[in-house]
Colleague: 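My questions all concern the structure below.
Protein chains get the first letters and strands the later ones, always in sequence-line order, with residue 1 at the start of each.
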Amino acid sequence: MIQLETDVLVIGAGGAGMYAAIAAARDGCRVQLVDRSLIGRGGATVMAQMTVSVALGEQCPDHWEHHLADTLAAGRGLCDPVLAQLLCENAALRIREMDAWKVGWARENGHLKQVYAPGHDRARCVYVDFLNTGPAVSRTLRAQLNRIAAIRRIGDVLITDIVVHGGEAVGAVGLHLLTGAAVALQAKSVVVATGGLTRLYRRNSGSLNMGGDGYALALRAGAELIDMEFVQFFPIGHLAPRMIGMDPIMWDPFRYKLGGRLLNAEGEEFADRYGQAESGNYVLTRDVATYAIYKEVEAGRGSPAGGAYLSFTHVPEADLRQAFGPVIDRLAKNGIDLTRMPVEVAPIAHYHMGGVRVDASMETRVPYLFAAGEAVGGASGANRLSGNAITEAFVFGERAGTTAAARAKARAASGWDAKAAAAKALEPASRRSQAAAVPNTAALLVELQALMADYVGPFRTEEKLRLALSRLEQMQRELGPIPAGSEAYDMVCLDWLDLRNMLLVAQCVVLAAIARKESRGAHQREDFPGMLPGWDLNQILSWQDGKLSLERVPAAQAAARTP
Amino acid sequence: MTTRTARLHIQRGTPGAPARTETFQVPFTPGQSLLDGLRWIRAQLDPTLAMRFSCINANACKECMIELEGKAAYACTVRLREGDMHIAPLHNKALVHDLITEIAPRDERLLD
Ligand SMILES: Cc1cc2nc3c(=O)[nH]c(=O)nc-3n(C[C@H](O)[C@H](O)[C@H](O)COP(=O)(O)OP(=O)(O)OC[C@H]3O[C@@H](n4cnc5c(N)ncnc54)[C@H](O)[C@@H]3O)c2cc1C
Ligand code: FES
């Protein structure tokens with residue numbers, strides 16, 4: 001087993017993890033930043049394209065309290081107001097710091113340009129042209145990391161468990177993917193910044209590394225998960241014609257800049273039937289748009305591939321080119337000419353509101369275990385405001401890094417428990433016993449994604465959710481023990497480890513969805529339509545005696561929880 | 001939509017052992033990527049085929065680099081085509097397993 005030791009261990013090198021590493025090092029700690037993929041390339045951050053919300057008041061007067069009001073309204077009463085305030089209040093600091101680090105936010109007439117996005121009461125979102133926010137953010141944070149000697153960056157290490165001693169986090173164990181060697185990482189503070197869970201769904205906007213690892217790691221370590229039923233679907237994910245080399249959520253920025261028309265198979269605009277009319281501009285919130293498209297398809301008015309049409313044929317070519325320059329050429333390579341044809345779009349899993357439950361210092365109920373970024377639940381309640389996720393990654397990342405450093409410095413010794421680590425570490429492949437029959441793990445993953453899409457999508461019923469739950473439990477049994485496999489980059493072993501986490505996290509989503517017998521934000525129960533005041537509750541999941549346990553707390557109580 | 005077949009000849013192996021080439025027949029609809037084909041092989045025929053990618057479709061992670069007909073290419077942006085396609089790991093990087101090579105910058109590796 002390869003042994004490493006540090007003050008602050010950060011798991012996941014997306015926006016949140018990189019910011020946490022920088023903040024912890026700034027406060028004098030030695031940091032190890034570990035990712036299962038390449039540093040700054042594996043998660044959602046590098047894939048983001050557009051808006052980052054922040055009350056800067058550069059475009060028009062603004063205050064973080066207005067941003068907070070919009071965030072709380074979007075969350076449908078379930079936001080943790082402490083976390084939501086932290087996000088909105090500290091956004092400007094982080095966005096300006098990124099500006100000083102030369103991220104390249106778009107400018108206009110000598111000020112940062114801020115655009116309007118659905119759910120915001122005014123123009124509040126900064127971005128980097130053209131569709132380049134995520135790559136620019138990643139590049140900027142990587143450049144900062146590279147300057148700091150106290151940060152060691154380690155790619156290709158998959159963290160498989162947090163190590164806990166006497167109820168406190170003391171490090172983690174992982175797998176070095178390239179060699180198959182087990183790794184033990186001893187640390188005084190551990191930050192989980194592993195991003196979201198959208199890989200659970202067949203059609204998603206995310207990456208391979210977004211199977212919800214952090215939720216499973218935190219849960220097994222003794223932390224709680226909150227609001228797991230709320231998976232955000234992005235309504236206008238690209239559906240057809242087949243397009244490669246471009247992210248399926250790329251139509252969002254087109255809508256921000258150019259409006260565009262959402263049409264059914266009969267060529268009619270339909271959003272007004274579902275309570276939000278559009279007149280050329282982009283005001284439709286994500287939950288309403290998702291609902292409207294599903295209902296049109298259900299009524300037989302969907303596009304051929306099973307979605308809606310998005311049309312820019314009324315926009316002059318010169319405007320398209322001015323707004324999106326090189327992107328228009330990339331579309332042409334895919335045979336798409338927006339001046340002549342609409343594209344087909346449909347809802348696609350995009351972001352997870354739920355996640356690890358933390359206090360205002362980003363610490364979980366397990367001392368010295370922190371979470372940051374999309375891995376954290378609570379700030380967005382039942383529905384996230386567009387543009388808040390990158391901001392959340394920065395703000396919560398910085399906060400987690402700072403407090404993890406302070407806690408690490410005040411901790412005498414990490415109390416490392418070699419025995420506990422050895423017990424959680426994976427046996428080398430050569431020493432594992434060969435299971436009689438190893439299932440096709442790649443096929444199981446495909447099946448899991450189909451199951452979640454078909455039975456645990458945005459529109460849910462008790463019957464479908466129960467079917468999903470029993471199939472998930474069955475798949476868990478079929479998975480069997482970890483296969484023996486090979487040493488170097490063993491795909492079957494990797495799939496097995498992913499399935500172990502994904503099946504657990506999927507069960508969390510389903511259990512919470514079954515329990516919430518009302519419809520709210522991203523969780524819509526066809527058998528329980530409408531939001532019920534009695535359900536102003538957050539659902540909390542924890543791992544107890546080898547199984548999941550669910551409890552409910554009044555949303556206000558969750559808010560009052562202090563560090 | 002019409003279904004066609006690509007014949008993927010994939011160079012496989014680990015360092016030290018002689019490389020072998022295996023051939024897979026992959027049905028596809030026009031417009032699909034080579035990565036779609038490789039993922040289909042794993043789910044339908046052989047889950048042990050080693051390859052790496054993160055962003056799947058977004059041209060963001062740059063992890064899916066392989067050699068196609070001897071030239072470096074991103075598997076997620078090359079389209080599947082009818083007939084033969086020859087795929088190998090990058091020849092100028094250290095081989096890890098099948099199509100996977102050591103691509104991380106030197107100062108981001110666990111071992112040197
Ligand atoms: C296509 C797309 C577009 C988006 N556009 C926007 C936008 O315009 N504005 C906005 O506000 N938000 C947007 N979002 C959401 C936003 O990008 C994310 O919520 C945010 O970037 C999450 O940052 P993070 O650091 O928490 O996680 P990520 O950036 O996802 O990083 C998590 C990292 O953890 C690593 N990891 C995971 N598991 C393990 C493990 N077991 N061991 C080691 N490492 C692990 C992953 O490889 C990854 O590198 C978008 C998301 C997507 C997918
Ligand atoms: S899979 Fe990310 S660039 Fe090809």
Side-chain angles (χ1 to χ4, degrees), chain A residues 2 4 13 34-39 41-43 46-47 49 134-135 138 146 152-157 176-179 181 183 204-210 240-250 330 334-335 438-446 485-492 495, chain B residues 1 12-17 28-36 38-65 74-80 89 94-111:
Chain A
I2 299 165
L4 299 175
V34 177
D35 202 289
R36 57 181 287 171
S37 167
L38 304 175
I39 303 298
R41 306 258 204 95
V46 72
M47 300 173 76
Q49 302 191 326
S138 275
N146 295 356
R152 176 160 180 209
R153 292 158 283 140
I154 307 170
D156 292 320
V157 170
H176 183 229
L177 294 169
L178 303 188
T179 59
V183 189
N204 68 69
S205 63
S207 83
L208 191 75
N209 306 311
M210 292 161 67
R242 184 72 167 92
M243 184 173 77
I244 61 177
M246 298 181 88
D247 196 90
I249 77 136
M250 59 160 295
R330 269 151 67 195
N334 279 285
V438 180
N440 180 337
T441 49
L444 265 183
L445 278 164
V446 172
S486 60
E487 308 282 341
Y489 227 109
D490 180 355
M491 299 295 280
V492 175
D495 285 347
Chain B
M1 259 182 254
R12 301 187 61 176
T14 43
F28 71 98
T29 50
Q32 282 190 294
S33 67
L34 173 57
L35 181 61
D36 292 338
L38 295 172
R39 294 171 69 203
W40 185 89
I41 292 173
R42 289 203 62 237
Q44 302 294 326
L45 306 173
D46 185 355
T48 68
L49 174 65
M51 58 196 226
R52 71 180 288 169
F53 60 95
S54 281
C55 72
I56 305 173
N57 199 30
N59 201 8
C61 72
K62 315 292 185 195
E63 274 181 46
C64 64
M65 226 203 266
Y74 294 115
C76 74
T77 57
V78 168
R79 285 177 203 272
L80 278 174
L95 178 65
V96 175
H97 189 181
D98 293 348
L99 295 176
I100 299 180
T101 49
E102 175 117 58
I103 53 171
R106 194 157 282 275
D107 59 350
E108 293 179 0
R109 296 179 188 169
L110 176 65
L111 309 171

Colleague: Any salt bridge between Asp107(B) and Arg153(A), counting N to O under 4.0 Å?
Modeller: yes
Colleague: Side chain, backbone, both or neither: which part of Val34(A) has a heavy atom under 4.5 Å from chain B?
Modeller: neither
Colleague: May I ask you to name which of Ser33(B), Pro105(B), Cys55(B), Pro47(B) has the most heavy-atom pairs under 4.5 Å with chain A?
Modeller: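 So the answer, after comparing Ser33(B), Pro105(B), Cys55(B), Pro47(B), is Pro47(B).
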Colleague: So, for Gly245(A) and Thr77(B), which heavy atoms are closest and what is the spacing to 0.1 Å?
Modeller: CA-CG2, 3.8 Å
Colleague: Could you look at Cys61(B) and say if it's the side chain, the backbone, both or neither that has a heavy atom under 4.5 Å from chain A?
Modeller: both
Colleague: Heavy-atom pairs under 4.5 Å with chain A - which of Ile100(B), Ile103(B), Asn59(B) has more of them than the others?
Modeller: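 The option with the most such pairs is Ile100(B).
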Colleague: Under a 4.5 Å heavy-atom cutoff, which of Val492(A), Ile154(A), Asn440(A), Asn146(A) has the most pairs with chain B?
Modeller: Asn440(A)
Colleague: Chain B heavy atoms under 4.5 Å from Leu444(A): which part of the residue, side chain, backbone, both or neither?
Modeller: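 Contact with chain B involves no heavy atom of Leu444(A) at all.
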Colleague: Heavy atoms only: give me the nearest Arg152(A)-Leu110(B) pair and the separation to one decimal.
Modeller: NH2-O, 3.1 Å
Colleague: Taking every non-hydrogen pair under 4.5 Å, which of Leu38(A), Asp247(A), Leu445(A) racks up the most with chain B?
Modeller: Leu38(A)
Colleague: For the interface with chain A, which of Ala104(B), Gly31(B), Ala43(B), Cys76(B) has the highest count of heavy-atom pairs at distances below 4.5 Å?
Modeller: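 Sorted descending by pairs with chain A, the first entry is Ala43(B).
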Colleague: Let's go through Asn57(B) and Met47(A) carefully: what are the C-alpha distance in whole Å and the side-chain angles of both, what is the deciding distance for side chain to side chain contact (heavy atoms under 4.5 Å, CB included) to 0.1 Å, and is it a yes or a no?
Modeller: CA-CA 10 Å; Asn57(B) 199 30; Met47(A) 300 173 76; over 6 Å; no
Colleague: Does the side chain to side chain contact (heavy atoms under 4.5 Å, CB included) test come out yes or no for Leu177(A) and His97(B), once each step is laid out?
Modeller: CA-CA 11 Å; Leu177(A) 294 169; His97(B) 189 181; over 6 Å; no
Colleague: Could I get the full list of side-chain contact (heavy atoms from CB on, under 4.5 Å) partners for Asp98(B), not counting sequence neighbours?
Modeller: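 side-chain contact (heavy atoms from CB on, under 4.5 Å) list for Asp98(B), sorted by chain: Arg12(B), Leu49(B), Ala50(B).
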Colleague: Considering only heavy atoms and a distance below 4.5 Å, find which of Thr14(B), Ile56(B), Thr48(B), Leu111(B) pairs most often with chain A.
Modeller: Leu111(B)
Colleague: List for me each residue that meets salt bridge (charged side-chain N to carboxylate O under 4.0 Å, His left out) alongside Arg42(B), sequence neighbours excluded, and say none if there are none.
Modeller: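 If we apply the salt bridge (charged side-chain N to carboxylate O under 4.0 Å, His left out) test to Arg42(B), skipping adjacent residues, the hits are Asp495(A).
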Colleague: Could you give the distance from OG (Ser54(B)) to CZ (Arg36(A)), rounded to the nearest 0.5 Å?
Modeller: 7.5 Å
Colleague: Asp36(B) and Arg242(A): side chain to side chain contact (heavy atoms under 4.5 Å, CB included), yes or no, with the steps?
Modeller: CA-CA 12 Å; Asp36(B) 292 338; Arg242(A) 184 72 167 92; 2.2 Å; yes
Colleague: Heavy atoms, side chains only, cut-off 4.5 Å: are Arg52(B) and Asp156(A) in contact?
Modeller: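 Yes, close enough: below the 4.5 Å cut-off.
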Colleague: Non-hydrogen atoms of chain B under 4.5 Å away: do they reach the side chain of Val446(A), the backbone, both or neither?
Modeller: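 The answer is the side chain of Val446(A).
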Colleague: Measure Met243(A) against the heavy atoms of chain B and call it side chain, backbone, both or neither at under 4.5 Å.
Modeller: backbone
Colleague: Can you give me the closest heavy-atom contact between Tyr489(A) and Val96(B), atom names plus distance?
Modeller: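 Minimum heavy-atom separation between Tyr489(A) and Val96(B): CB-CG1, 4.0 Å.
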Colleague: Heavy-atom distances under 4.5 Å only: say whether Tyr74(B) touches chain A with side chain, backbone, both or neither.
Modeller: neither
Colleague: Below 4.5 Å from any heavy atom of chain B, which atoms of Thr179(A) appear? Answer side chain, backbone, both or neither.
Modeller: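 It is the side chain, since no backbone atom gets that close.
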Colleague: With chain A as the partner, which of Arg39(B), Glu102(B), Glu63(B) has the greatest number of non-hydrogen pairs under 4.5 Å?
Modeller: Glu63(B)
Colleague: Using a 4.5 angstrom heavy-atom cutoff, name the option from Ile249(A), Ile244(A), Leu208(A) with the most pairs to chain B.
Modeller: Ile244(A)
